[in-house]
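Because the structure is a prediction, the values reported are computed rather than measured.
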Amino acid sequence: MEDPRILVVDDESEVLDVMVDVLKQEGYAPQATTDSREASRLLESTAFDVIISDIMMPHLNGLQLLELAKQQNPNVQVVLVTGYSTREVALEALSRGATGYIEKPFHTDQLLASVREAIWRWRVKRDPKSLG
């Protein structure tokens, strides 16, 4: 089965490095950037299957990246991460099509569970018959 193309975006390089390391330990090969403008350019050139993005970033925020990603690929699965969690932000993210929502600081188990869920949803959308 094809491996998902994963993009990780967080303006905090330490957090980004942790997420990338966790994903690599699980056998994924994510692309990563600390710059939301670079993430936007990457979305134009690559059809990512799963995106993990911080919400609060300079230039473009995670909700804006979510909308750009969904415009280019409606099946993309987006997990948003934030250190500024409110119920309203979580509901907004989910109403705009986010697959998941993680609060910082997060445990690596939380991150992996959200990524696995996103990958499962991506596979089902790509091939609904794969379930059974």
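Between Thr108 and Gln25, the closest side-chain pair of non-hydrogen atoms is not below 4.5 Å. Between Gln77 and Ile119, every side-chain heavy-atom pair lies at or beyond the 4.5 Å cut-off. Looking at Leu63 and Leu80, their side chains come closer than 4.5 Å, going by heavy atoms from C-beta outward. Side-chain contact check for Val81 versus Val15: every heavy-atom pair is 4.5 Å or farther apart. Contact annotation: the side chain of Leu43 never approaches that of Gln71 to less than 4.5 Å [non-hydrogen atoms, C-beta and beyond]. Met19 places a side-chain heavy atom less than 4.5 Å from the side chain of Leu111. Side-chain contact between Asp11 and Pro58: present, with at least one pair of heavy atoms (C-beta onward) separated by less than 4.5 Å.
Of all heavy-atom pairs between Val9 and Ala39, the closest is CG2-CB, 3.6 Å. Ala118 and Val50 get closest at one heavy-atom pair: CB-CG1, 4.0 Å. Between Leu68 and Ser40, the closest heavy-atom pair is CD1-OG, 3.7 Å. Heavy-atom minimum distance, His59 versus Ser36: CB-OG, 3.5 Å. Asp35 and Thr33 make their closest contact through N-OG1, 3.1 Å (heavy atoms, listed as atom of the first residue, atom of the second, distance). Looking at every heavy atom in both residues, Ser53 comes nearest to Gly62 through OG-CA, 3.8 Å.
The line from CG of Asp54 to CG of Leu16 is 10.0 Å long, rounded to the nearest 0.5 Å. Note that CZ of Arg37 is 11.5 Å distant from CE of Met57, once rounded to the nearest 0.5 Å. The CD atom of Glu117 lies 7.5 Å from the OG1 atom of Thr99; values are rounded to the nearest 0.5 Å. Distance check, rounded to the nearest 0.5 Å: CD of Gln72 to OG1 of Thr46 gives 10.0 Å. To the nearest 0.5 angstrom, Lys24 atom NZ is 12.0 Å from Ile6 atom CD1.
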Apply side-chain contact (heavy atoms from CB on, under 4.5 Å) to Leu65 and Ile51, showing your working.
CA-CA 9 Å; Leu65 279 177; Ile51 298 170; 5.9 Å; no
side-chain contact (heavy atoms from CB on, under 4.5 Å) evaluation trace for Val115 with Val22:
CA-CA 11 Å; Val115 169; Val22 167; over 6 Å; no
Please step through side-chain contact (heavy atoms from CB on, under 4.5 Å) for the pair Tyr101 and Ile55, ending with a clear verdict.
CA-CA 10 Å; Tyr101 183 85; Ile55 292 180; 3.7 Å; yes
Under the side-chain contact (heavy atoms from CB on, under 4.5 Å) criterion, do Met56 and Thr82 qualify, and how do the steps go?
CA-CA 7 Å; Met56 300 298 290; Thr82 186; 4.3 Å; yes
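Scanning for side chain to side chain donor-acceptor pair (under 3.5 Å) contacts around Gln110 gives an empty result, with sequence neighbours left out.
Between Glu38 and Arg41 there is a salt bridge, since at least one side-chain N of the basic residue sits less than 4.0 Å from a carboxylate O of the acidic one.
Side-chain atoms of Lys70 come within 3.5 Å of backbone N or O of Val76 as a donor-acceptor pair. With hydrogens and angles disregarded, a donor-acceptor distance shorter than 3.5 Å links the side chain of Ser45 to the backbone of Leu42. The closest donor-acceptor contact from the side chain of Arg123 to the backbone of Glu2 lies under 3.5 Å. Asn73 places a side-chain N or O within 3.5 Å of a backbone atom of Phe48 that can act as its donor or acceptor partner.
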